[in-house]
K.L.:
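Sending over a structure as structure tokens; questions will come in a sec.
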Amino acid sequence: MKARILAGLACAVLLFAGCSDDKSEQKVAASAPQTQNQTAEKKIETKAQASDVVKADKNVSEAKPEKREKFKLADGKGAEDLTIIRGASDVLDEDEVKLIDINWTLPAAGEAQRYERAFENAPPMIPHDLEGLMPITTDNNMCISCHMPEVAEGIGATSIPKSHLYSIRFSEDKGGQLSQDRFVCTVCHAPQANIEPKFKNNFVPEYRDANSSERSNLLDVLNEGVR
């Protein structure tokens, strides 16, 4: 009797195990198509995104830069120089670029009229022709042959100021010699062109003494207000 009962229980266990395995296999079989569908959908989505990127790159490469409107002055006239300064035009577009034929000052050195400084201690403009005086090199600086203090006074030239005979960088008096950091004169001093200015300059300089329009006192006032 006991043997029959045990045999019956064993059959029941086997049947239950068989049903569980069938259900697991059915779940796996049912999920497999769904996973395959998801993978296929992701591939299609990836291809679509890649296609969009390629189209966007192609559109960017084929697009032509739009020409921005040029600046206009209050009187309605074009301001080509402002266009260049402020970057309103494509820097690679040279179709409308026109070089100006500049007529530089022609009086020879010693014959020119001095220009008033733009403001107190401003580097004065070069009023004379530079033919044969440029370029400034390590071995040749024609400017100092006339503008060094010991020479300038005798020939009526503008004298190099004390600030040029002193190294501000190293706080060193050069003993009457031109400081090397002032050697290339055209870094600050420029020739004047004989052209009409396109824009009116309303700036009015204020000089603190009568000589400031023609002479420099930079070394004397350099540290004003500095503590």
Side-chain angles (χ1 to χ4, degrees), residues 80-87 89 91-92 94 97-199 201 203 205-227:
E80 287 76 8
D81 50 350
L82 288 182
T83 296
I84 295 172
I85 293 172
R86 298 180 182 177
S89 297
V91 295
L92 300 179
E94 298 183 355
V97 174
K98 296 180 180 179
L99 297 179
I100 301 175
D101 185 14
I102 298 177
N103 177 24
W104 300 102
T105 48
L106 297 179
E111 300 176 1
Q113 182 179 357
R114 296 178 185 177
Y115 295 110
E116 191 176 79
R117 293 172 185 259
F119 51 87
E120 185 173 309
N121 285 310
M125 302 292 292
I126 301 173
H128 57 75
D129 186 23
L130 296 179
E131 183 69 28
L133 303 179
M134 297 288 118
I136 296 173
T137 66
T138 305
D139 301 321
N140 184 34
N141 184 341
M142 295 296 292
C143 302
I144 61 177
S145 63
C146 292
H147 292 281
M148 286 297 286
E150 61 270 19
V151 180
E153 186 176 353
I155 63 175
T158 300
S159 177
I160 290 176
K162 292 186 297 182
S163 59
H164 290 42
L165 311 178
Y166 181 89
S167 177
I168 297 176
R169 181 182 300 174
F170 299 107
S171 301
E172 179 184 358
D173 191 330
K174 305 306 290 185
Q177 299 297 315
L178 181 65
S179 178
Q180 291 301 301
D181 51 13
R182 302 280 190 164
F183 188 78
V184 184
C185 309
T186 50
V187 169
C188 299
H189 304 279
Q192 178 67 56
N194 292 319
I195 58 174
E196 290 294 328
K198 289 190 175 183
F199 310 101
N201 183 3
F203 175 76
E206 294 183 0
Y207 304 106
R208 289 182 287 182
D209 59 69
N211 296 324
S212 293
S213 62
E214 296 183 356
R215 302 293 178 184
S216 171
N217 63 343
L218 179 62
L219 199 60
D220 299 327
V221 301
L222 186 63
N223 292 321
E224 283 187 350
V226 179
R227 295 183 183 274

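Just so you know, these numbers use all the heavy atoms, side chains as well, and skip hydrogens, waters and symmetry mates. As the structure is a prediction and not an experimental result, all values here were calculated from the model. Each residue takes its place number in the sequence, starting with 1.
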K.L.:
Per the salt bridge (charged side-chain N to carboxylate O under 4.0 Å, His left out) rule, what does the pair list look like for residues 120-133, sequence neighbours excluded?
P.N.:
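Counting only pairs at least two positions apart or across chains, the salt bridge (charged side-chain N to carboxylate O under 4.0 Å, His left out) contacts touching residues 120-133 are Glu120-Arg208.
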K.L.:
Rounded to the nearest 0.5 Å, what separates atom NE2 in His189 from atom CD1 in Ile126?
P.N.:
7.5 Å
K.L.:
As an exercise, state the distance from CG of Leu165 to CG of Leu219, rounded to the nearest 0.5 Å.
P.N.:
9.0 Å
K.L.:
Would you mind reporting whether Trp104 and Gln192 have side-chain heavy atoms less than 4.5 Å apart?
P.N.:
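With C-beta onward as the side chain, the pair stays apart.
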K.L.:
Thr137 and Asp139: side-chain donor and acceptor closer than 3.5 Å?
P.N.:
no
K.L.:
May I have all residue pairs that pass side chain to side chain donor-acceptor pair (under 3.5 Å) and include part of residues 162-172, sequence neighbours excluded?
P.N.:
Lys162-Asp220
K.L.:
Considering residues, nucleotides and ligands other than Glu224, do more than 12 of their heavy atoms fall under 6.0 Å from its CD?
P.N.:
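Correct, the count exceeds 12.
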K.L.:
Please find the pair of heavy atoms, one from Ala118 and one from Ala122, that lie closest to each other, and give the distance.
P.N.:
N-CB, 4.0 Å
K.L.:
Which atom names give the shortest non-hydrogen contact between Pro205 and Phe119, and what distance separates them?
P.N.:
CB-CA, 4.0 Å
K.L.:
Run Asp209 and Ser212 through side-chain hydrogen bond (donor to acceptor under 3.5 Å, both in side chains) and show every step you take.
P.N.:
CA-CA 6 Å; Asp209 59 69; Ser212 293; 3.0 Å; yes
K.L.:
Mind checking the CG-CD1 spacing from Leu218 to Ile168? Nearest 0.5 Å is all I need.
P.N.:
5.5 Å
K.L.:
Please report the interatomic distance CZ(Phe183) to CD1(Ile136), rounded to the nearest 0.5 Å.
P.N.:
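Atom-to-atom, Phe183:CZ and Ile136:CD1 are 7.0 Å apart.
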K.L.:
Which atom names give the shortest non-hydrogen contact between Pro191 and Met125, and what distance separates them?
P.N.:
O-CE, 3.5 Å
K.L.:
Keeping Tyr207 on the side-chain end and Glu214 on the backbone end, is there a donor-acceptor pair under 3.5 Å?
P.N.:
no
K.L.:
For residues 143-160, which side-chain donor-acceptor pairs fall under 3.5 Å, sequence neighbours excluded?
P.N.:
| unit_1 | atom_1 | unit_2 | atom_2 | d |
| --- | --- | --- | --- | --- |
| Ser145 | OG | Met142 | O | 2.5 |
| His147 | ND1 | Thr158 | O | 2.7 |
| Thr158 | OG1 | Arg114 | NE | 3.4 |

K.L.:
Please report the closest heavy-atom contact between Pro127 and Gln113, naming both atoms and the distance.
P.N.:
CB-O, 3.2 Å
